[in-house]
Structures are given as C-alpha cells and as structure tokens.
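A short worksheet on the structure shown next.
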Amino acid sequence: MIDQNKLYKILNKVDKPARYIGLEKNAIVKDFDNTDVNFCFCFPDVYEVGMSHLGMQILYFLTNSYDYFNCERAFAPWVDMENLMRQENISLYSLENKRPLKEFDILGFTLQYELSYTNILNMLDLSGVEKRASRRSEKDPLIIAGGSCGYNPEPLYDIFDLFIMGEGEEVNIELLNLYRKSKKLGDSKDDFLKKACKIKGIYVPKFYDVVYKDDGTIDHRIKFFKEASEVIEKRVIKNFDKTFKLTNQIVPYIDVVFNRTMSEIFRACTAGCRFCQAGMIYRPIRERSVSNILDTIEENLMNTGYDQVGLSSLSTCDYSHIVELVDGFIERFSDDNTSISLPSLRLDSKGFSILEKIEKLRKTSLTFAPEAGSQRLRDVINKNISEEDLEYALTKAFDTGYSSVKLYFMIGLPTETYDDIRGIKNISVKVKNLFFDNPNKNGNLKINTSVSCFVPKPFTPFQWEGQDSISEFEDKQSFLLSIFNDKKINFSYHDSRTSRIEALFARGDRRLCDVLIKAHEMGAKLDGWNKFFKYSIWEKACEEFGIDMDFYTLRKREYDEVLPWDFVDIGVNKKFLIREMEMAKLGKTTRDCRKGCHGCGVNERICKGVYCP
Amino acid sequence: MGYIRLIGHLNLLNLFARSIKRCGYELQYYGKYNPKPKISISNPLSLGYESLCEFLQLELKEKVQTDEFIENVNEDLPQGLKILEGALTDIKSLQKHIGYSEFLYIFPGLKLQFNDFEIIVRSFFEKEKIYIARYRKMGKKKIPYEIDVKPLICNYRAVSQGSNLQVYLTLTSEEGAYLNPGALLRSFLKDAGKDDTKFNDVDPDFVHILRINQYDHQMKEIRICDLKDR
C-alpha cells in the first residue's frame with residue numbers, strides 16, 4: 001500500500017482532491033492479498049472523463065462479479081497531483097485498495113482516442129513500470145489494452161503485451177480465467193502469451209514482425225510463433241439482450257461529465273457515414289428489449305440514487321422500439337422526479353414526437369451535425385441529412401421554444417472545394433434567419449458553429465484518403481474566419497495540429513512506437529488538452545527517428561497497399577469499403593442498411609444483426 | 001472524517017440527496033424545468049476542513065419516523081459522515097439561528113515549548129486589529145486588500161494535547177459576518193513567523209482545521225427541536 005500519510009497531506013494541496021480518494025458509493029473493495037487475479041482498469045485521462053465511460057463501469061462490475069477476480073481503477077492524475085506525487089515519491093495507485101499499480105497482475109488500458117497515448121506512458125512511468133514490453137521483466141505486471149483505437153494496435157506494439165479486439169464482456173473473462181490458471185501453474189509471461197493468443201480476439205504483437213518496402217509501405221508480415229493466427233477477428237456479443245446487465249454504477253463524489261445512470265439500448269449504427277469509424281467497427285446492430293432496458297434502469301436508479309437516466313447508443317432514434325421505450329419510461333418513472341436524457345437524437349418527425357413526450361425536458365441546446373456545407377459533399381460522405389430536414393427540425397424547435405443551436409462541421413473532407421466550405425456559413429446564416437422569421441420564437445438566439453479537421457480513420461471507406469496539410473487547413477480556417485462576421489453566430493474551429501497527430505497515430509505503423517515514447521520523454525502528456533499540447537515536441541520526435549509525418553497523414557494510399565491494420569478482421573470486408581469509396585467519388589449515397597442490405601459482410605463473417613438478411 | 005473532508009459543499013448536498021433516495025425516501029423537489037430537491041447545509045465548510053457539528057436541513061415528500069430515517073441513511077452514508085441527531089421542524093432557515101462557530105487548529109509536527117506557543121498565540125489575538133488578506137475583482141484583475149477581522153473573533157485558547165499544539169477559536173458565523181478560519185490561520189502564521197521562525201516552516205495546508213460546535217446568537221448550544229422562527 002502507498003504511504004497514506006503522505007497522500008493525506010498532498011491531497012490538501014491539489015485541485016478537486018476527490019478525484020484521488022476512491023471510496024465512492026458502489027465501489028467494490030476486495031481483499032487484495034487473497035484474490036487470485038488482481039486487475040486494474042486504467043483510464044488514460046482524468047477521473048471526470050474516465051468515470052463517464054460506460055465501458056469501464058460494465059467491465060468493472062462484470063469482472064468483480066467473480067469472487068476470484070479483483071478489478072480496481074486508476075486514472076491519469078492532473079498536473080498538480082502528478083508533480084506532488086513525483087516530489088513525494090508516491091507511485092500511481094488504484095483508488096480501491098490504494099495499491100501501487102506495480103503490485104497488480106494485469107494493468108488494462110482503454111484506448112479511446114489517439115491523443116491519450118502519451119497519458120498511458122505517463123501512467124506507466126508514474127507507476128515505475130518500464131514502458132517497453134520488450135524490456136519488462138517477469139515481475140512487471142502484464143500490460144494490456146482494448147477499445148476502439150486498438151483496432152489499429154501497431155503504433156503501440158511495443159508498449160502492450162497483448163490487445164483485445166472488440167467487445168470485452170466475454171473475451172476479458174476468458175483471458176482472466178486463463179491467467180488465473182497460468183498463475184497457478186507458475187507459467188512464465190511467454191507461456192501465458194502463447195496460450196492467450198489462441199483465444200479469439202487476442203493479439204500478441206511480439207509474435208509478429210513487419211517487413212517494409214523501399215518506399216516505406218508494408219511488404220509483408222512475419223510470424224514468429226507458428227500457432228498464432230494470421231488474422232485477428234474482433235469479438236462481438238451475439239446475444240446482446242442476454243449478456244451482462246449493468247444494474248449498478250459507481251457514483252462519483254464530484255461532478256463528472258455525465259452525472260446520471262447510463263443504459264445501453266443498442267450497439268452499432270446503420271447510417272453508414274463514410275468518415276465514421278464507429279459506424280463500421282461496431283457492426284452489426286444488436287438491441288436490448290424494452291423490458292430489459294426498463295428493468296435495468298429501475299435497478300440502477302435504486303442502487304445509485306441518481307435522478308437522471310441517459311440512454312446510450314450511437315443514434316437513439318434508430319432503436320426499433322424507441323416510442324415504446326419512452327412511453328414505458330414515462331409510465332414507470334415520471335412521478336419520482338426522474339428525468340431522461342436522449343443524446344444522439346436525430347431530429348426528424350419521429351425525434352420530435354419523442355421530445356414532445358418528455359415535456360419536462362429542459363429546453364437546453366440542440367445539436368446538429370451536417371458535417372459538410374453542401375448537399376454535394378454530404379452525398380460524398382454519405383451523411384444523409386438534407387437542408388429540408390434541418391429546416392423542418394429547426395422550425396419545429398424554434399416553435400417549441402428552443403433558442404440555442406450547435407452546428408458541427410468538418411473541413412478537409414475528400415473532394416472538398418471552397419464552395420462547400422462557404423456552405424458552412426450559409427447554413428449557419430439560414431439557421432439565424434429561420435429563428436428571426438419564426439413568429440413563435442422565444443428567448444435569445446445563440447448559434448455555435450464548430451468546425452473540426454477531418455482525420456481519416458482505419459476501417460472506413462476513407463481509410464485510403466490523404467489528410468489536408470496544416471497550411472491547407474489553416475487557409476480554410478482563415479477563409480471561414482473572414483466570411484463569418486455575424487454577431488449572432490459564434491464560430492470556432494479545432495487546432496489542425498492536434499488533428500494531424502491524431503491522423504498520424506490513427507493510421508500509423510510500428511515505426512511510430514519509438515516516436516511516441518520519445519515524445520513522452522520530451523514532455524508530451526495530456527495532449528487532448530489544448531494548453532498542454534505541444535506540436536514542436538512531435539516534430540522533433542519524428543525527426544529523431546527519420547519519420548516523415550506527411551507519409552502517414554497527407555499520402556493517399558492505393559487500394560492494393562498492405563495497410564498496417566489489415567490483419568484485423570472487423571467483419572466488414574475490404575471490398576465493401578472500396579465500393580463505398582468509389583461511390584463517394586461519384587457523389588452517390590448508400591441508403592441506411594435498415595432499408596436494404598449492402599453486403600458489408602458482417603452478417604456472414606461475424607453474426608447477423610437486427611436488420612441483416 | 002478521513003477522506004470525506006475532501007468533498008466540496010455542493011457535492012456533499014448531492015451525496016446526501018442520493019443517499020436519501022437510495023434509502024427509499026423521496027425528497028421534495030421545487031422548480032418546473034429543472035427541479036431541484038430542497039436540501040441545504042448551514043455555514044458551508046471549506047474543502048479540506050473537518051467537522052463534528054454541521055446542520056443539514058431537508059424537506060421530504062412524506063412525514064417519516066426520525067430515528068428510523070437516521071438509522072437507514074447512516075447505514076448508506078460513507079465512512080466519515082454520520083447523522084448524529086435529527087428532528088422535525090417548521091423553521092424556514094436554520095442558518096438564521098446560528099451565530100457562532102467554534103473551531104480547532106491542530107499543528108502537527110510543530111515543535112515548540114507550550115509556554116512560548118501560548119505567548120505567540122496571545123500576542124496575535126490580543127492585537128487591536130487583525131488583518132486578513134482578501135481579493136477584489138476588477139474585471140479580470142485581482143486586487144488584494146486587507147480587512148480587520150478582530151471584531152469577528154470572540155474567543156481563543158491555546159492548548160497542548162498529547163504532542164500537538166492546538167488553538168480553540170470561537171468566531172462569528174452568521175450571514176454577512178462569517179470569518180473563514182483558513183484565512184485567519186494564514187494571517188496568524190505570517191505574524192507568528194516574525195516571533196519564531198519555526199512558524200515559517202508550517203504549511204497552512206497541513207494544519208488540521210476542525211469545526212467543533214456551532215452556537216446560537218446567545219452563544220448557547222443549538223437544539224433543533226427547540227428552534228422557532230420569530
């Protein structure tokens with residue numbers, strides 16, 4: 001255990017000390033020394049972000065439901081805490097038993113976004129654990145990872161001993177059971193990894209190597225361990241309605257990003273936007289039944305004491321029984337001051353009829369994500385939202401008293417021209433006019449137009465596309481700045497440099513691992529926070545290893561190039577992605593897959609979803 | 001109290017509201033679009049201080065058996081938080097009935113003869129004027145100024161408890177005349193450092209500040225069941 005006296009003292013000196021104390025309602029504290037396997041779930045960002053992550057809560061309660069497993073939590077400390085911990089020589093510790101992370105059997109990190117990678121290294125460093133897997137000893141914990149960024153694990157190949165591909169509910173337990181057996185047998189790390197790589201969905205990077213061509217692209221992969229598989233297939237929960245139900249949640253003492261219970265209603269999305277990674281990697285659609293969801297909500301409310309429920313999915317409206325669910329919610333919970341939050345609600349007529357049902361809902365802000373400024377470009381990216389849709393939704397919204405609107409766009413999308421970019425302003429102005437022309441308007445109009453930079457992601461139809469250069473992004477941003485001169489519209493844009501680093505790692509290969517470790521040594525951390533992000537560090541780190549950032553970010557790939565993540569099978573086949581890319585070039589849309597199957601392959605290779613033939 | 005002293009005032013209110021809800025009681029909510037439960041704590045304590053005497057006032061939808069309510073909620077509350085006693089009351093605001101707070105400073109690790117300590121404490125608190133630092137905001141700028149808080153200090157007493165030197169303090173604690181014991185402590189340490197350099201090494205963040213009791217305007221113990229709005 002870490003020195004609690006020292007901890008007690010430094011907690012008086014830091015901002016929001018409750019981040020570091022644990023002991024929250026429903027947290028589970030087990031006997032560390034008498035549990036077979038001690039696992040620490042490590043979230044590479046601050047407490048408030050990590051505690052709002054549904055996946056962590058699911059895996060925490062699932063793992064702890066086994067007597068012989070102990071799952072604890074650790075988060076990245078804020079800078080003030082980190083400095084004091086280093087000064088006082090306090091190791092990063094788990095919140096439950098206040099154990100140094102080094103004492104755990106396994107540290108499991110979740111990979112939610114590329115800019116959190118340096119936080120992983122910083123957390124290992126704060127725990128006194130060697131960052132490179134190849135240099136760690138038998139005594140060090142096993143360091144593993146999972147999560148959406150893990151679908152391209154290669155830039156992290158020498159940091160993690162193994163990666164978990166896909167949904168964790170089954171495979172995590174299989175892996176922990178294997179570890180428990182291996183530990184009893186006294187297996188070495190290698191013995192264990194050789195067994196682990198035979199579990200479907202587990203990737204052990206040290207069993208492979210990559211050979212590059214002269215032009216820097218991949219020639220082929222080599223396998224060192226015969227029994228390791230060539231292709232790593234992602235794991236999915238086939239019967240989502242029967243899988244582990246989250247009926248309990250840890251209730252933080254402080255306000256976090258979401259202060260409510262979360263209930264997952266379905267997984268995946270059928271819209272098929274061509275830039276969206278989540279839309280591809282989580283396929284196919286699997287739903288929970290209405291009664292199952294309502295029962296879970298009831299138990300959750302009882303166990304947590306929260307007065308708000310959030311329904312979680314990629315697109316709430318697309319749940320096939322959404323009306324029934326909302327009606328059921330109102331019937332069961334509306335009396336006891338419990339409110340419901342519906343994120344990702346598409347505001348078509350169905351969306352509005354649902355909003356109207358929840359009369360009590362506060363008229364906060366409405367968010368629309370047209371993503372692109374013109375219909376032409378929206379067709380290219382397959383974002384099936386038309387200006388008529390937007391007009392309909394906003395007229396209705398202003399009629400009912402909303403006055404605050406957020407609009408999200410991207411720049412740098414494939415085939416984009418300055419006409420498309422001008423469209424971003426046109427739409428914003430249109431929203432303004434819709435408000436002032438509305439006789440029923442109420443309140444003070446506020447429009448926030450936010451423009452981010454497109455980052456091509458693996459496993460999307462745009463995975464072969466080049467990203468804009470920083471100067472191209474900046475030209476487009478200054479153009480927008482010059483035409484946005486409306487007091488009612490608040491225009492903001494993202495730093496193109498952070499998007500460039502995201503793109504670098506999103507489609508990176510093994511050679512970037514050195515860059516990452518070097519950048520951390522040079523002080524990179526909390527890169528997701530603008531005030532800490534230093535682009536010059538990344539430039540220098542790349543230079544040191546002769547890495548040309550443009551090769552990874554700007555370069556357009558050919559369809560026949562071997563991509564670093566090709567060995568991962570998400571169920572959606574490459575042919576489908578190529579076909580989608582070709583459709584994009586023609587400016588042709590692909591309908592929502594609920595209206596007809598487009599043969600992405602997931603139904604044949606992984607399992608059938610709700611709408612799969 | 002342990003780690004629970006690190007929970008801020010608003011978070012503490014949420015904690016109680018959720019705890020009460022978990023025990024199956026329903027708080028009375030007020031407000032149309034964003035209803036909030038009626039629950040408050042008088043004289044909010046700064047983050048990091050401990051207390052043996054806090055007053056929590058809340059409104060429930062239905063009348064409850066007080067003892068049973070306390071027993072149930074106590075079972076749910078985290079270690080370090082406990083309801084000591086409670087009563088049904090008609091008063092609107094408890095805050096109005098509180099006049100004074102008694103605090104305790106504990107200086108762990110301060111090595112000083114008790115006599116010397118007492119002299120330094122006395123010379124500080126017997127001064128005609130005692131200034132503490134405050135900030136006024138002018139736009140984004142913070143402009144420091146000092147105010148005399150001597151009239152807000154009612155009582156002080158230096159003691160030696162085991163190996164620790166301590167100071168008991170009674171401060172006025174009503175609306176518009178609330179003295180924060182932390183601000184006073186900083187002022188004391190600065191002044192005491194001139195008499196004995198050992199005080200310069202005392203980190204104000206490492207001094208324990210503990211509220212012992214709260215009194216009414218006549219400096220008498222407060223019993224909720226006897227309180228009546230005038």
Side-chain angles (χ1 to χ4, degrees), chain A residues 4-27 29 48 80-81 84 88 95 98 248-256 259-261 299-308 333-339 341 358-364 401, chain B residues 1-39 46-50 59-62 72-73 75-81 106 108-109 182 185 202-209:
Chain A
Q4 302 235 26
N5 279 329
K6 273 197 206 166
L7 176 66
Y8 202 82
K9 275 183 168 185
I10 65 170
L11 286 177
N12 278 339
K13 293 216 161 278
V14 298
D15 190 32
K16 296 195 193 161
R19 286 165 169 173
Y20 311 111
I21 62 177
L23 311 163
E24 306 97 322
K25 188 73 200 175
N26 301 330
V29 185
E48 292 94 312
D80 56 350
M81 182 66 173
L84 285 167
E88 296 287 326
L95 293 184
K98 312 272 185 302
N248 205 349
Q249 271 170 241
I250 301 169
V251 187
Y253 288 121
I254 53 170
D255 281 353
V256 295
N259 301 293
R260 55 191 182 217
T261 76
E299 265 186 81
N300 248 315
L301 287 171
M302 234 154 55
N303 289 330
T304 59
Y306 277 123
D307 52 15
Q308 196 178 32
F333 305 108
S334 65
D335 284 348
D336 35 331
N337 290 301
T338 303
S339 64
S341 147
I358 321 162
E359 281 167 46
K360 264 204 235 155
L361 205 73
R362 242 190 323 163
K363 303 262 187 296
T364 50
Chain B
M1 268 173 98
Y3 290 113
I4 290 298
R5 77 197 158 89
L6 299 165
I7 313 297
H9 173 66
L10 292 175
N11 296 321
L12 201 58
L13 291 177
N14 276 334
L15 187 160
F16 273 106
R18 285 169 190 159
S19 179
I20 288 163
K21 214 172 157 203
R22 283 192 295 263
C23 294
Y25 300 105
E26 280 190 73
L27 283 157
Q28 186 65 52
Y29 277 63
Y30 287 96
K32 195 176 172 200
Y33 286 114
N34 188 19
K36 290 257 181 264
K38 196 133 190 181
I39 180 165
S46 297
L47 198 76
Y49 300 175
E50 305 189 32
E59 197 176 323
L60 293 168
K61 263 191 182 165
E62 282 161 26
N72 289 338
V73 177
E75 205 156 293
D76 183 87
L77 287 174
Q79 213 186 339
L81 273 184
I106 306 172
L185 173 73
V202 176
D203 186 332
D205 288 328
F206 295 165
V207 176
H208 292 290
I209 301 179

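The sequence lines fix the lettering, A, B, ..., with proteins before strands; numbering per chain opens at 1.
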Subject >> Sidechain-backbone polar pair: B:Arg18 side chain, A:Tyr306 backbone, donor-acceptor under 3.5 Å >> reply: no
Original post:
If you tally heavy-atom pairs under 4.5 Å against chain B, which of A:Thr304, A:Leu23, A:Val251, A:Asn303 wins?
Top reply: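 Result: the option with the highest number of such pairs is A:Thr304.
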Original post:
chain B: which of A:Glu24, A:Lys16, A:Gln4 shares the most heavy-atom pairs with it under 4.5 Å?
Top reply: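 Most pairs with chain B among the choices: A:Gln4.
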**OP:** Please check if any side-chain donor atom of A:Tyr253 sits under 3.5 Å from a side-chain acceptor atom of B:Asn14, or the reverse.
**Re:**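 No, no side-chain donor-acceptor contact under 3.5 Å.
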Original post:
Quick one: do the B:Arg5 and A:Asn12 side chains pair a donor with an acceptor below 3.5 Å?
Top reply: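 B:Arg5 vs A:Asn12: donor-acceptor pair found between side chains.
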Original post:
Taking side chain as C-beta onward, heavy atoms only, is A:Thr338 less than 4.5 Å from B:Lys21?
Top reply: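 Yes. Closest side-chain heavy atoms under 4.5 Å.
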**OP:** To the nearest 0.5 Å, tell me how far A:Lys25 NZ sits from B:Arg22 CZ.
**Re:**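 That separation rounds to 5.0 Å.
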Original post:
How long is the span from the OH atom in B:Tyr3 to the OH atom in A:Tyr8, to the nearest 0.5 Å?
Top reply: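 Separation between the atoms: 8.0 Å.
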Original post:
Do other residues, nucleotides or ligands put more than 12 heavy atoms under 6.0 Å from B:Lys36 NZ?
Top reply: no
Subject >> Cation-pi geometry met for A:Lys13 and B:Phe206 (6.0 Å, 45°) >> reply: yes
Original post:
Which atoms of B:Asp76 come close to chain A, meaning under 4.5 Å heavy atom to heavy atom: side chain ones, backbone ones, both, or neither?
Top reply: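 Both the backbone and the side chain of B:Asp76 come within 4.5 Å of chain A.
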Original post:
In this structure, which one of B:Leu47, B:Asp205, B:Leu6 forms a side-chain contact (heavy atoms from CB on, under 4.5 Å) with A:Leu11?
Top reply: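 Result for side-chain contact (heavy atoms from CB on, under 4.5 Å) with A:Leu11: B:Leu6.
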Subject >> B:Leu15, B:Ile7, B:Asn11, B:Leu10 screened by side-chain contact (heavy atoms from CB on, under 4.5 Å) with A:Ile254, the one that passes >> reply: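 Going through B:Leu15, B:Ile7, B:Asn11, B:Leu10 one by one, the side-chain contact (heavy atoms from CB on, under 4.5 Å) with A:Ile254 is satisfied by B:Asn11 alone.
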